Number of protein chains: 2
Amino acid sequence: MTSTPPPPSPSSSGRAALDATDDRLPLHVRLRELLLDRIRTGEWTPATPLPGEIALADHYGVSKGTLRRVLGELVDQGLLERRRGDGTYVRRARLDHSLHRFFRHGSANDILPDSRILRWDSEPADTKVTESLELGADAEVLTLRRLRSRAGAPVLVEDIWLPLPRFAPLIEAGPEALGPLLYPSYEKLAGQVVGGASEELTVGACDRTDAALLECGVGDPVVVIERLARAHDGSPLELRVSRGRADTFRYRIELT
Amino acid sequence: MTSTPPPPSPSSSGRAALDATDDRLPLHVRLRELLLDRIRTGEWTPATPLPGEIALADHYGVSKGTLRRVLGELVDQGLLERRRGDGTYVRRARLDHSLHRFFRHGSANDILPDSRILRWDSEPADTKVTESLELGADAEVLTLRRLRSRAGAPVLVEDIWLPLPRFAPLIEAGPEALGPLLYPSYEKLAGQVVGGASEELTVGACDRTDAALLECGVGDPVVVIERLARAHDGSPLELRVSRGRADTFRYRIELT
DNA sequence: AAGTGGTCTAGACCACTCC
DNA sequence: GAGTGGTCTAGACCACTTC
């Protein structure tokens, strides 16, 4: 035989999608790209499970082994979550915890800090914000400032900017509608799902207003954490700049 | 048949070792433990490749698939390195770079900093050092201080403690024998291979001697990185405390 | 009971590196 | 050319969750 045997011709167009990709690449690489697309476009959400292994495998015309390999990689990458007997789900990001990893406070480091909203305004975005959030020149944003404290002691001051057409439902709901964890509120109130974030840590000096809030001296060192959170499709959702006293900062890493 | 079929009885005792483990655990978990032991004990080193897949698989009486799964995990974990057509090797740790990731200096962030040794002494260890390195009360250590700079500008001051019976060959060789990267020197001169490390970042104030070396003011904020490096078997090899000016500190993380 | 994911196997074939 | 790791398949069987 000189011609390649025809594919097992599954019911739908999944196999066609695979065939349309660059066939010099290994099957599992091409399959991962296709699955990533369906995650990024929001076709699969944390609420609805993906199709089962056998269904997916023969939709794409690949073996169960190859499919499982790819799903495993996506799980390792933190994009998916699998529960035996239940199903495979897009993972809901839980980033609210990570900031507080950095700051030690006696032994009470596990409990969730209190959160008080100090500002809540819609206003035109300045240039730093428009650039970070990739907005047009005259875009409006919802701006908020929070003070987070633990056992009465201030931990972090946070300034947060949210692009406005997108987060308009938050304005209707008002600041009281926000829980201590913001990302679940974003999802429930505005349907915005955070998929990941990048953070940058630097050290700066405390200004007058932060000094009052953080109960330290003007000019004392503070750790500044700038975070840009993105949706699964890569579009910027939230810019957040957090500041905490440097003398309570501690960060551990394991290197291998 | 009521009895379990006999194992394929491979040539050596590998299968016996697997059978001796807790058989309520999945095969791949037990196999990983066995392979980890052989890495930790130093039976396999970065210089000599592991046996091939087929050899290893039937030594342990498992399928190639199960063996590959475990090797893949160890690669992901950074313990092994595989090269097609060549072989599988224990990975040589390359931690010297990680510290400098944290400090930005214009665009010259990739080039290796210069290194000047300011101190080189054997002396009794103080309590902080004995505790970190898990030494006896009257242990001796080799102490060194290095100044690392880039393009003439000081970047980091490092204090380093090495447990002494273990690193005695370094004393013979003298400070001139050390390259800018210490870990390769440890391996070549004293046969000590670093397998991993844990680091803790905090913010402190600059003392008088550091101020002179780092060219900043006394009391200025500095970032302090405390690192404990360990051998593959878990025993502490090196304690290192590095300090750098906070105003050049920058650290990026991706969260998912 | 039905459906999900997890474990394990056996074997074919391919791509690469080394000698 | 011999030996290495990488890809992919097909199928058996198990453990678990949900209804």
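Letters A, B, ... are given to chains in the order of the sequence lines, protein chains preceding strands, and every chain is numbered from 1. None of the values given here were measured: they were computed from a predicted structure.
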Answer yes or no: does a side-chain N or O of [X] lie under 4.0 Å from OP1 or OP2 of [N]?
| X | N | answer |
| --- | --- | --- |
| B/T88 | D/dT4 | no |
| A/R82 | C/dG6 | yes |
| A/R68 | C/dG6 | yes |

How many whole angstroms separate atom [atom1] of [X] from atom [atom2] of [N]?
| X | N | atom1 | atom2 | result |
| --- | --- | --- | --- | --- |
| A/R24 | C/dC16 | CZ | P | 13 Å |
| A/L25 | D/dT7 | CG | P | 11 Å |
| B/Y89 | D/dG3 | OH | C1' | 12 Å |
| A/R69 | C/dT7 | CZ | P | 17 Å |
| A/D58 | D/dA10 | CG | P | 11 Å |
| A/L31 | D/dG6 | CG | C1' | 17 Å |
| B/L80 | D/dG6 | CG | C1' | 16 Å |
| A/E53 | D/dC16 | CD | C1' | 13 Å |

Looking at every non-hydrogen atom in both residues, tell me the closest pair between [X] and [Y] and how far apart they are.
| X | Y | answer |
| --- | --- | --- |
| A/R82 | A/L71 | NH2-CD1, 3.5 Å |
| A/L178 | A/L170 | CD2-CD2, 4.1 Å |
| A/L80 | A/V90 | CD2-CA, 3.8 Å |

With sequence neighbours excluded, residues passing side-chain hydrogen bond (donor to acceptor under 3.5 Å, both in side chains) with A/D86: A/R83, A/Y89
Sugar-phosphate only, base, or nothing, as touched by B/R83 at under 4.0 Å among non-hydrogen atoms: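 Sugar-phosphate contact only.
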Are any protein N/O atoms closer than 3.5 Å to N/O atoms in nucleotides 12-14 of chain D? If there are, list each pair with its distance.
none

Verdict with supporting geometry, A/E199 and A/R227, salt bridge (charged side-chain N to carboxylate O under 4.0 Å, His left out): CA-CA 4 Å; A/E199 289 187 344; A/R227 171 197 286 186; 2.9 Å; yes
Selected nucleotide, minimal atom distance to [X] side chain, candidates [options]:
| X | options | answer |
| --- | --- | --- |
| B/L27 | C/dG5, D/dG5, C/dT9 | C/dT9 |
| B/D86 | D/dT7, C/dT9, C/dT17 | C/dT17 |
| A/I54 | D/dG5, C/dT4, C/dT9 | C/dT4 |
| A/P26 | C/dG6, D/dC8, D/dG6 | D/dC8 |
| A/T66 | D/dC8, D/dG6, C/dG5 | D/dC8 |

Basic-acidic side-chain contact under 4.0 Å: B/E43, B/R38: yes
Salt bridge present between A/E238 and A/R166 (N-O < 4.0 angstrom):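 Salt bridge: no.
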